[in-house]
Number of protein chains: 2
Amino acid sequence: MELSERKKRILRAIIESYIATAEPVGSKSVAEFLDRKLSSATIRNEMADLEALGLLEKPHTSAGRIPSPKGYRFYVNELMEAHKLSVQETERINQALRLKMEELDRVIDQAGRVVSQLTNYPAFALSSGMERVTIRRFDLLMVERNAFIIVVMTDSNVVRNKLVQLPSDLTEAQLQMLNTLLNATFTGLTLDQITPELMRVAQHAAGDAYGLISLVVSFAMEVLESLEQRRVHTAGLAHLLELPEYQNLERAQPLMTYLSDVQDENRFPVPQGGPMRILIGPENVADALKETSVVMASYDIGEGMRGVIGVVGPTRMDYAKITARLAYFAEGLTRLFNRGELPGGKTDSDDRKTGGNAL
Amino acid sequence: MELSERKKRILRAIIESYIATAEPVGSKSVAEFLDRKLSSATIRNEMADLEALGLLEKPHTSAGRIPSPKGYRFYVNELMEAHKLSVQETERINQALRLKMEELDRVIDQAGRVVSQLTNYPAFALSSGMERVTIRRFDLLMVERNAFIIVVMTDSNVVRNKLVQLPSDLTEAQLQMLNTLLNATFTGLTLDQITPELMRVAQHAAGDAYGLISLVVSFAMEVLESLEQRRVHTAGLAHLLELPEYQNLERAQPLMTYLSDVQDENRFPVPQGGPMRILIGPENVADALKETSVVMASYDIGEGMRGVIGVVGPTRMDYAKITARLAYFAEGLTRLFNRGELPGGKTDSDDRKTGGNAL
DNA sequence: TCTTAGCACTCATTCGCCCTGAGTGCTAAT
DNA sequence: ATTAGCACTCAGGGCGAATGAGTGCTAAGA
């Protein structure tokens with residue numbers, strides 16, 4: 001799509017005005033905005049052209065124009081200028097990043113909340129990319145005669161544990177043997193590879209300890225499964241109600257319901273591709289999002305794991321500002337996870353470097 | 001407060017009708033409801049009395065009556081009949097309880113979500129009663145020369161771990177020594193007791209390993225702190241918008257905002273007293289809740305820990321049904337945590353008893 | 001003395017109506 | 001190609017009448 005310079009200026013004026021006010025914008029105010037170099041009639045003609053191109057829409061005959069999803073897409077791809085973060089903004093984000101980021105789950109949850117506060121839109125956060133988790137080692141720690149702790153560590157340095165209570169007693173030596181066996185059998189395997197068949201092999205090898213080892217293996221499987229299972233955290237839903245487009249309850253409710261329920265589903269707009277991704281209106285797959293835009297950024301957790309944070313809002317969204325903030329925040333998270341340092345100000349994990357996260 | 005039998009019947013009819021419809025109820029419909037044994041005029045007189053007693057209110061002159069908070073309180077205390085759960089209801093709750101309940105944090109979160117689905121109200125969940133956590137044992141597991149896993153177990157069988165990376169290398173023997181030292185020094189202490197002073201003593205004893213041990217101790221403190229720190233999980237906020245009283249955005253928004261933000265605060269209606277607690281309207285401390293009711297139930301996680309789940313809704317709430325469901329669910333959770341068994345249907349943890357929860 | 005029928009009164013809500021004003025498309029003049 | 005002018009459209013706000021649910025009070029009946 002090639003537009004004249006003038007058309008681009010007009011389109012941009014309309015979109016930015018609409019983003020700011022949520023009101024359809026008329027020819028007169030565009031003329032005003034462009035320093036009255038053109039009359040409103042001329043603008044009207046140009047606007048009619050832009051409408052014919054599918055970049056603008058009319059809510060009704062005698063209202064101004066509003067951008068169509070296609071218009072936003074064009075704006076995002078070609079017209080938008082990167083928003084420069086102010087000192088206050090970067091400082092605020094850095095501040096937020098200095099939170100205690102301890103357990104992975106909490107970080108994700110926390111990050112979502114922070115992003116929501118940063119943008120005044122509902123935000124979501126999820127982790128992904130853990131598909132290829134392999135087991136690095138097991139440790140079994142005796143607690144009582146009939147209870148031990150199982151600690152599983154993956155190659156991405158994620159550690160999980162669980163207390164296991166047994167119906168029968170166990171000696172330290174037995175536990176030791178079991179531990180060795182587990183490490184010998186399962187180290188280096190991914191979840192896919194630990195098929196039921198393999199389980200059977202292991203059980204066979206164990207002889208008497210059949211029940212015991214199957215118990216332990218099923219625990220380990222559970223741990224790995226829980227790592228692979230994505231959880232969508234949402235935060236700041238209430239921000240939705242501040243927006244003029246959601247003053248209308250019929251509009252707000254379905255979206256609200258969708259956003260509070262996706263937590264359970266794994267179906268959420270998956271971010272394939274670059275570190276920054278924008279889905280405008282109908283570009284979203286979920287029905288509830290057809291009239292909203294989703295902006296998301298991914299960040300690096302380290303050791304091959306990635307996280308995604310993003311916001312959901314009306315198609316009229318300040319893409320420039322949001323992308324800037326999100327990108328900066330995601331970048332900060334990446335830095336935090338990988339080197340534990342932040343620009344200016346001492347972080348919580350400066351001295352105590354924590355490579356992976358245990359949860 | 002002593003009321004005639006007739007007044008009680010009338011009050012109850014009004015409250016239950018209002019709970020069901022959210023519409024002010026007039027004398028005529030009450031007469032209808034009471035099988036026309038009395039004329040509407042008589043009912044009117046009685047209603048005037050009830051209003052004088054502060055149990056009813058008039059939204060305006062020519063509307064019917066609605067219950068006042070005091071009216072609800074009277075209803076809850078004296079008039080309400082326990083709601084019998086239907087087979088479907090109990091089955092649904094049992095179903096929900098059969099979820100994988102692995103890590104404590106997730107259980108709490110999960111429980112909130114389930115309760116919300118069960119009641120169609122926004123729900124919250126929090127854990128409490130972990131104030132007296134004491135350390136039971138430490139384990140340090142070598143991973144690499146400059147990294148180890150620290151596993152802390154408390155006397156309530158909660159296990160947490162973290163991967164610690166060091167600036168310098170460490171031998172297995174050193175780690176062993178450190179481990180012994182930690183156990184000798186800190187076992188059996190609560191968070192309060194591990195004062196900075198004690199830390200200093202430990203560091204002194206350690207001699208060279210000063211930095212190392214302080215690192216480990218500060219981590220242990222973190223773990224204990226995170227156990228003590230309450231997190232409020234909320235779920236099902238969107239249900240609010242389904243209710244007629246929150247069709248009005250001015251009403252919905254502040255409550256919505258409050259509920260999405262309490263997650264950060266520790267200030268939330270704390271449930272002192274019995275297993276079931278109801279706070280009606282102005283009985284709530286938080287301003288945002290002055291026109292809502294909160295119903296909560298506590299359950300036993302075992303080992304001295306308790307959790308609380310509850311719902312938030314308009315003062316017009318089906319207290320009978322909600323309390324029944326909440327009580328049943330809480331009871332189920334208690335059973336699940338303590339014996340891992342559920343009525344009817346095989347649970348996930350039937351055969352593999354899990355005394356505590358590791359996270 | 002309690003109950004009830006009847007009646008006048010109140011008041012939130014709904015509906016229809018008109019008016020206003022922003023904005024458009026088209027045409028004719030520059 | 002641009003612009004001024006004009007007729008036309010239409011959402012939204014304001015206003016007043018009609019509606020009807022519900023009340024309080026009074027007076028008669030049990």
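This is a predicted model, so every value here is computed, not measured. In what follows, chains carry the letters A, B, and so on, assigned in the order in which the sequence lines appear, proteins first and then strands, with residues in each chain numbered from 1.
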- Message: Whether the side chain of A:Thr61 and the base of D:dT9 hold a donor-acceptor pair under 3.5 Å is what I'd like checked.
- Response: no

- Item | Side chain B:Arg44 and base C:dG6 donor-acceptor under 3.5 Å | yes

Please report the distance, rounded to the nearest Å, between [atom1] in [X] and [atom2] in [N].
X       : N      : atom1 : atom2 : value
A:Glu57 : C:dG23 : CD    : P     : 18 Å
A:Glu23 : C:dA22 : CD    : C1'   : 11 Å
B:Lys37 : C:dC2  : NZ    : C1'   : 18 Å
B:Glu32 : D:dA21 : CD    : P     : 13 Å
B:Glu5  : C:dC2  : CD    : P     : 18 Å
B:Leu38 : C:dA5  : CG    : P     : 11 Å
A:Leu56 : C:dG23 : CG    : P     : 14 Å
A:Asn45 : C:dG23 : CG    : P     : 17 Å

- Is B:Lys58 near enough to D:dG24 that one of its side-chain N or O atoms lies under 4.0 angstrom from OP1 or OP2? yes

- Task: Determine: side-chain N/O of A:Thr42 to OP1/OP2 of D:dT3, distance under 4.0 Å, yes or no.
- Result: yes

- Is it true that a side-chain atom of B:Asn248 and a backbone atom of B:Glu250 form a donor plus acceptor pair closer than 3.5 Å? yes

- Task: Could you tell me whether the side chain of A:Thr315 and the main chain of A:Pro69 form a donor-acceptor pair under 3.5 Å?
- Result: no

- Item | Sugar-phosphate, base or nothing in reach of B:Ala63, heavy atoms under 4.0 Å | sugar-phosphate

- Task: Classify the nucleic acid contact of B:Arg36 as base, sugar-phosphate or nothing, counting any heavy atom under 4.0 Å across all strands shown.
- Result: nothing

If you check the [X] side chain, which of [options] turns out closest?
X       : options               : value
B:Arg65 : D:dT9, D:dG24, C:dA5  : D:dG24
A:Ser62 : C:dT24, D:dT9, C:dT4  : D:dT9
A:His60 : D:dC10, C:dT24, C:dT4 : D:dC10
B:Met47 : D:dT23, D:dT3, C:dT3  : D:dT23

- Less than 4.0 Å between a side-chain N and a carboxylate O, is that true for A:Arg12 and A:Glu81? yes

- Query: Do A:Glu57 and A:Lys70 meet the salt-bridge criterion of a basic N to acidic O distance under 4.0 Å?
  - Reply: no

- Message: Is a donor from one side chain sitting under 3.5 angstrom from an acceptor on the other, for A:Glu16 and A:Tyr75?
- Response: yes

